[in-house]
Amino acid sequence: MNLDNWLTAKLSERKELNLFRTLKSPSGLIDFCSNDYLGLARSKELTQLINDKLERLSLSNGATGSRLLSGNSNYTEEVEQKLSAIFKSESALIFNSGYTANLAVLSSVPQKGDTILYDELAHACIKDGARLSLANRHSFKHNNLDDLEQKLNRATGKKFIAVESVYSMDGDLCPLVELVKLSEKYDASIVLDEAHSTGVCGISGSGLATSLGLANKIAIRVYTFGKGIGCHGACVAGNKNLIEYLINFARPFIYTTALPPHSIASIDCAFDYLNSNITLQDYLKKKISLFKAHLHPSINSIESESSIQAIVIPGNEYARSVASNLQSRSFDVRPILSPTVPQGAERLRICLHTYNTDEEIISLTKALPIK
């Protein structure tokens with residue numbers, strides 16, 4: 001079979017399973033699906049701050065190369081120092097995305113004979129990074145510390161525990177306090193992905209670990225700026241040795257063109273803006289509480305205190321039809337289908353934002369199907 005025939009067959013197979021994906025332009029519907037939790041991506045005030053910064057610094061359009069060639073700058077290093085102060089770490093290293101950052105850490109730090117244990121609901125980039133490593137890798141049941149401990153008992157070499165602060169499909173939190181205690185008992189290093197907590201909690205948007213006073217207990221933290229911070233890029237926060245190691249051994253860092261100066265300025269300005277408007281965090285909490293308060297008790301929701309609220313709608317067809325009905329009523333809610341989530345756990349993933357009005361939130365809760 002030639003390549004084009006093989007591609008056609010694979011795409012046909014996906015269509016037959018009703019899992020075919022297509023790109024969609026912005027719908028104009030009420031946003032309950034984006035990760036712009038604090039509204040920074042749509043903030044005109046932040047846009048102006050970024051433009052002013054670019055004009056003042058006379059920055060170039062592109063990075064022009066990797067950080068190890070022509071793509072580094074004093075400004076990028078200044079922003080990294082700023083990030084390390086925000087995240088209470090000795091050093092920080094900027095990456096092009098959270099996906100790339102997790103890929104870099106997990107593919108380069110664990111070695112042959114080591115063990116990576118990752119939560120079964122961890123993001124694809126954590127699993128892909130572990131797959132690229134020469135280390136042994138095993139999943140453990142979601143947020144199940146007993147299952148994790150059993151696997152830590154059998155782990156060899158250096159031990160790494162890869163988890164997320166807030167899980168992107170369920171919206172629930174990692175039991176970080178208990179996890180740190182367990183990691184200390186077994187001399188394991190935690191790799192914490194703060195993607196969905198960056199910006200929305202912690203002083204200056206510093207995430208879950210700092211809000212719990214655990215920053216110095218976690219060896220490797222990954223922060224993403226394309227969600228609550230409203231721009232693009234990511235960073236790894238840790239000690240100086242870790243950052244120097246990544247610069248020397250992490251292929252996703254070494255061999256990729258650096259973020260353009262506009263992205264660096266966006267990160268810089270976004271944290272300044274958030275620091276001046278930190279009440280957005282409390283405003284978001286009120287929106288979450290409002291949604292939960294008006295949710296009918298018979299609706300099968302996954303317990304979550306985060307911006308991500310999941311409503312279980314078993315079956316791909318049913319989940320898709322419910323989402324389509326909501327979209328026809330102007331609510332941009334998307335279904336999450338198997339195999340992205342386990343069969344029988346298909347759901348609506350509802351994201352709440354500071355800019356969702358109280359009326360919009362209450363109307364959405366009333367539009368959800370009741371058993």
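Between E194 and K227 there is no salt bridge, since none of the side-chain N atoms of the basic residue sits less than 4.0 Å from a carboxylate O of the acidic one. Taking the charged nitrogens against the carboxylate oxygens, E346 and R320 have no contact shorter than 4.0 Å, which rules out a salt bridge. Here K141 does not pair with D119 in a salt bridge; the nearest charged N to carboxylate O distance is not below 4.0 Å. Using a cut-off of 4.0 Å between Lys/Arg side-chain N and Asp/Glu carboxylate O, E305 and K292 are scored as salt-bridged.
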Between S89 and S84, is a side-chain contact (heavy atoms from CB on, under 4.5 Å) present by the stated rule, with each step listed?
CA-CA 5 Å; S89 62; S84 68; 3.6 Å; yes

side-chain hydrogen bond (donor to acceptor under 3.5 Å, both in side chains), that's the test. Do S304 and S306 meet it? Break it down for me.
CA-CA 5 Å; S304 166; S306 77; 3.1 Å; yes

Check step by step if side-chain contact (heavy atoms from CB on, under 4.5 Å) holds for L337 and R21.
CA-CA 11 Å; L337 311 174; R21 295 183 175 103; over 6 Å; no

Kindly indicate, with the supporting measurements, whether the criterion side-chain contact (heavy atoms from CB on, under 4.5 Å) is fulfilled by K185 and E149.
CA-CA 10 Å; K185 179 179 177 180; E149 184 164 17; 2.7 Å; yes

Could you go step by step and tell me if N35 and Y37 meet the side-chain hydrogen bond (donor to acceptor under 3.5 Å, both in side chains) rule?
CA-CA 5 Å; N35 296 322; Y37 307 125; 3.1 Å; yes

Check step by step if salt bridge (charged side-chain N to carboxylate O under 4.0 Å, His left out) holds for D170 and R347.
CA-CA 9 Å; D170 286 14; R347 82 264 320 257; 2.6 Å; yes

Verify side-chain contact (heavy atoms from CB on, under 4.5 Å) between L368 and L348, making sure each step is shown before the conclusion.
CA-CA 10 Å; L368 294 171; L348 304 177; 3.9 Å; yes

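With I311 as the partner, the side chain to side chain contact (heavy atoms under 4.5 Å, CB included) test is satisfied by one option alone out of T365, L295, I302: L295. Of the candidates L54, V79, L59, I264 forms a side chain to side chain contact (heavy atoms under 4.5 Å, CB included) with just one, namely V79. Considering L192, L176, I190 as possible partners of L214, the one that fulfils the side chain to side chain contact (heavy atoms under 4.5 Å, CB included) test is L176.
Inter-residue side-chain proximity for Y283 and L38 is flagged as unmet; no heavy-atom pair is nearer than 4.5 Å. In this structure the side chain of R137 never reaches within 4.5 angstrom of the side chain of L106, judged on heavy atoms. Between L259 and H232, some side-chain heavy-atom pair lies under the 4.5 Å cut-off. When side chains are defined from C-beta on, I50 does not count as touching T47, because their heavy atoms never get closer than 4.5 Å. Side-chain atoms of F291 and L364, non-hydrogen and from C-beta on, do get closer than 4.5 Å to each other. Inter-residue side-chain proximity for F253 and S66 is flagged as unmet; no heavy-atom pair is nearer than 4.5 Å. Using a 4.5 Å heavy-atom threshold, the side chains of L121 and M169 count as separate. The shortest side-chain heavy-atom distance between I30 and T357 does not fall under the 4.5 Å cut-off.
Surrounding CD1 of I203 are at most 12 heavy atoms belonging to other residues, nucleotides or ligands under 6.0 Å away. Counting non-hydrogen atoms of other residues, nucleotides and ligands closer than 6.0 Å to CG of N74 gives a total of 12 or fewer. Other residues, nucleotides and ligands contribute only 12 or fewer heavy atoms inside 6.0 Å of the CD atom of Q343. The number of heavy-atom neighbours closer than 6.0 Å to CG of N61, taken from other residues, nucleotides and ligands shown, is 12 or below. Counted within 6.0 Å of CZ on F20, heavy atoms from surrounding residues, nucleotides or ligands total more than 12; the atom is thus considered enclosed. Crowding of N153 atom CG: a count of heavy atoms from other residues, nucleotides or ligands under 6.0 Å exceeding 12. Annotation: K88, atom NZ; neighbour count of heavy atoms from other residues, nucleotides and ligands within 6.0 Å does not exceed 12.
No chain of hydrophobic side-chain contacts below 4.5 Å, direct or via other Ile, Leu, Val, Met, Phe, Trp or Tyr residues, connects F225 to V236. A continuous path of Ile, Leu, Val, Met, Phe, Trp and Tyr side chains, each step under 4.5 Å between heavy atoms, connects I220 with I116, placing both in one hydrophobic cluster. Linking Ile, Leu, Val, Met, Phe, Trp and Tyr residues whenever their side-chain heavy atoms come within less than 4.5 Å places L212 and V166 in a single cluster. V200 and I229 end up in the same hydrophobic cluster when Ile, Leu, Val, Met, Phe, Trp and Tyr side chains are linked at under 4.5 Å. When the side chains of ILVMFWY residues are joined at heavy-atom separations under 4.5 Å, either directly or via intervening members, Y273 and I278 end up in a single hydrophobic cluster.
Checked by atom type, the side-chain pair H353/S34 shows a donor-acceptor distance below 3.5 Å. In the model, D52 has a side-chain atom that pairs as donor or acceptor with a side-chain atom of Q48 under 3.5 Å. For the 3.5 Å distance criterion, the side chains of Y318 and N316 fail to qualify, holding no donor opposite an acceptor.
Listed for the T256 side chain is no donor-acceptor partner under 3.5 Å among the backbone atoms of P252. Between the side chain of E120 and the main chain of H142, a donor-acceptor pair closer than 3.5 Å is present. With hydrogens and angles disregarded, no donor-acceptor distance shorter than 3.5 Å links the side chain of D147 to the backbone of K151. Of the possible polar contacts, one joining the N96 side chain to the T257 backbone as a donor-acceptor pair under 3.5 Å is found. Between the side chain of S108 and the backbone N or O of A104 there is at least one donor-acceptor pair closer than 3.5 Å. Here the side chain of S211 pairs a donor or acceptor atom with the backbone of L208 at under 3.5 angstrom. D36 contributes a side-chain N or O that, together with a main-chain N or O of A41, makes up a donor-acceptor pair within less than 3.5 Å. A distance-only check finds no donor-acceptor pair linking the side chain of S133 to the backbone of G129 [under 3.5 Å]. For H123 (side chain) and E164 (main-chain N/O), no donor-acceptor pair under 3.5 Å exists by modelled atom type. When atom types are taken as modelled, the side chain of S43 and the backbone of L40 share no donor-acceptor pair closer than 3.5 angstrom.
Between I362 atom CD1 and N356 atom CG the span is 12.0 Å, to the nearest 0.5 Å. Note that the CD1 atom of I126 and the CG atom of D193 stand 4.5 Å from one another [nearest 0.5 Å].
Under a cutoff of 6.0 Å and an axis angle of 45°, R42 and Y355 form a cation-pi pair.
Ring geometry for F87 versus F271: interplanar angle over 60°, hence perpendicular rather than tilted (30 to 60°).
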